[in-house]
Amino acid sequence: MNLGPHAAFIVGSYAAAIAIVAGLIAWIAIDHRAQKRRLETLEARGVTRRSERAS
Amino acid sequence: MPIVDLANPSRFLALTARLMPWLIGATVLAFAVGLVMVKGAPDDYQQGATVKIMFIHVPSAWLAMGIWALMAIATFGTLVWRHPLADVAAKAAAPIGAAFTALCLITGMLWGRPMWGTYWVWDARLTSVLVLFLMYLGVIALWRTVEDPSRAARAAAILTLVGALNLPIIKWSVDWWNTLHQPASVVRLAGPAIHPTILMPLLAMAVAFLLLMVTLHLAAMRNEILRRRVRTLMLMQAQAAPGSAS
Amino acid sequence: MSALAALFVREVRLAVRVGGGGGIGALFFLIVVVLTPFAIGPDLALLARIGPAILWLGALLASLLTLDRLLTADLEDGSLDLILMSDTPLELAVAAKAFAHWITTGLPLVVITPLLGLLLNLDAGASAAVALTLFAGTPALTFIGAIGAALSVTLRRGGLLLAVLVLPLTVPVLIFGVAASNAAIVGPVPFGTPFTILCALTLASLVVGTFAAAAALRQGME
């Protein structure tokens with residue numbers, strides 16, 4: 001594929017897209033892990049929600 | 001399953017967990033198809049190969065506007081029914097919208113350098129997208145400043161609605177102020193002016209970006225629900241701690 | 001005297017007495033205009049060309065700076081709760097407060113504009129045009145700003161947030177305010193076109209600002 005004289009700008013655009021999407025995915029994945037871990041720690045300490053305590 | 005069930009956060013989490021692998025698969029597939037079509041797309045007779053930047057620039061611009069619309073729709077859930085899931089949807093959408101707006105600006109600048117000879121021109125469309133970006137940052141700042149989630153949701157909802165009213169006015173003012181860009185050429189009553197060999201890859205990439213947005217938004221909503229659970233549990237723990245009144 | 005008139009008179013009195021800070025916005029405006037030539041140089045031709053823009057930017061920043069006075073003091077001394085509990089519709093009370101705020105902080109900016117125009121080498125006609133556009137446009141700034149003030153009043157550190165929330169929304173007012181001033185001075189657009197749009201923006205913001213600020217206050221104070 002010949003990108004012509006402005007190849008750097010085209011590659012740069014796609015690289016920016018990849019970087020931003022990767023950043024979003026990383027943020028969501030790290031956040032997910034962190035919240036899961038905190039939830040588990042709290043549950044291990046015996047703190048539960050009302051709906052779960054009733055069962 | 002009735003639609004009311006979806007409004008229950010636990011059901012929402014269960015449904016999201018079941019849906020997520022399919023959504024991720026569909027997104028990856030859509031990007032594979034889209035990128036192959038982009039690779040096969042011919043160069044523009046004027047802009048040469050740089051037209052390839054359009055295949056990310058235009059879908060991110062659509063998402064930048066679409067996500068604000070999504071937040072505006074979610075505000076009705078917040079302000080009218082006071083539904084927590086609508087708050088969660090609005091909050092999770094804001095950073096994603098800001099990210100796609102930033103991507104639209106960055107690709108626009110990288111496209112502008114070879115086409116206009118400079119990274120930034122105060123062209124009408126770039127400028128309105130920049131104002132949109134500032135407003136996304138404002139909403140995020142508001143979410144991050146108010147401690148109580150449901151109060152933050154209502155404050156952000158009012159700002160989002162005012163923004164939704166104001167954004168068309170800003171767009172129109174900026175157009176009036178300076179028009180350098182090409183006129184809108186995809187959505188026209190007479191049919192698209194873009195040649196199908198360019199339009200089809202563009203639409204394929206738009207579908208891929210839309211799927212990506214839906215996947216990210218659902219995942220971010222799931223995180224937000226978990227964050228609220230953690231918050232509730234910590235508050236309960238603090239109340240139950242020895243030495244407190246109850 | 002009706003409750004609204006009483007509220008209006010109270011606001012004006014509070015703003016003009018000692019410690020009210022009604023004139024500080026105008027002083028800030030003066031200082032911004034005085035600082036500009038130090039930044040861009042004393043070239044009179046250049047100053048005359050960008051004069052309307054400097055005046056509009058200064059007025060925008062000055063009206064923004066005084067905005068946290070709109071509600072903060074009332075929150076601190078509890079009168080905001082009384083206003084919320086009274087029989088008067090909150091929308092009308094907010095409109096009366098914002099109007100009084102404009103009288104005491106926006107109008108002085110308009111009044112001193114011809115004086116500042118002299119510093120920027122604007123001729124009498126140009127100064128009058130800028131003052132007229134500011135007269136038509138500053139109410140929009142106050143009422144849009146009222147939304148931000150209502151959103152951030154219950155936050156402890158709302159000042160900077162207020163500016164971040166409000167400034168993007170003022171873009172159309174700034175565009176048409178400066179456009180109308182320049183149209184009157186150099187053309188080529190007739191003065192009426194941007195000026196009528198500026199008036200339309202102001203009228204729209206009177207409505208949207210009032211209702212949005214009242215809604216924001218209700219949710220913030222409950």
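The sequence lines fix the lettering, A, B, ..., with proteins before strands; numbering per chain opens at 1.
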message: Using the rule given for side-chain contact (heavy atoms from CB on, under 4.5 Å), can you reason through Leu226(B) versus Asp31(A), listing the C-alpha separation, both sets of side-chain angles and the distance that settles it, and then say yes or no?
response: CA-CA 10 Å; Leu226(B) 292 179; Asp31(A) 195 25; over 6 Å; no
- line: Distance col, row Arg229(B):CZ vs Arg38(A):CZ, nearest 0.5 angstrom, shows 14.5 Å
- request: Kindly compute the distance separating CG (Leu24(A)) from CZ (Phe100(B)), expressed to the nearest 0.5 Å.
  value: 6.0 Å
So for [X], is it side chain, backbone, both, or neither that comes closer than 4.5 Å to the heavy atoms of chain A?
{"X": "Tyr119(B)", "value": "side chain"}
{"X": "Leu35(B)", "value": "side chain"}
{"X": "Leu103(B)", "value": "both"}
{"X": "Ile96(B)", "value": "both"}

query: For Ile53(B) and Phe9(A), which heavy atoms make the closest approach, and how far apart are they?
result: CD1-O, 3.9 Å
- prompt: Which atom names give the shortest non-hydrogen contact between Ala219(B) and Ile28(A), and what distance separates them?
  reply: CB-CG2, 3.6 Å
field: Ser13(A) side chain reached by Ile106(B) side chain, heavy atoms, under 4.5 Å
entry: no
field: Side-chain touch Tyr14(A)/Val38(B), heavy atoms, less than 4.5 angstrom
entry: yes
statement: From the list Ala99(B), Ser60(B), Ala92(B), Gly108(B), the residue making the most non-hydrogen contacts under 4.5 Å with chain A is Ala99(B)
message: Can you tell me which of Met109(B), Glu224(B), Met234(B) forms the most heavy-atom pairs within a distance under 4.5 Å of chain A?
response: Met234(B)
message: Counting only heavy atoms from other residues, nucleotides and ligands, does the tally under 6.0 Å from CE of Met200(B) exceed 12?
response: no
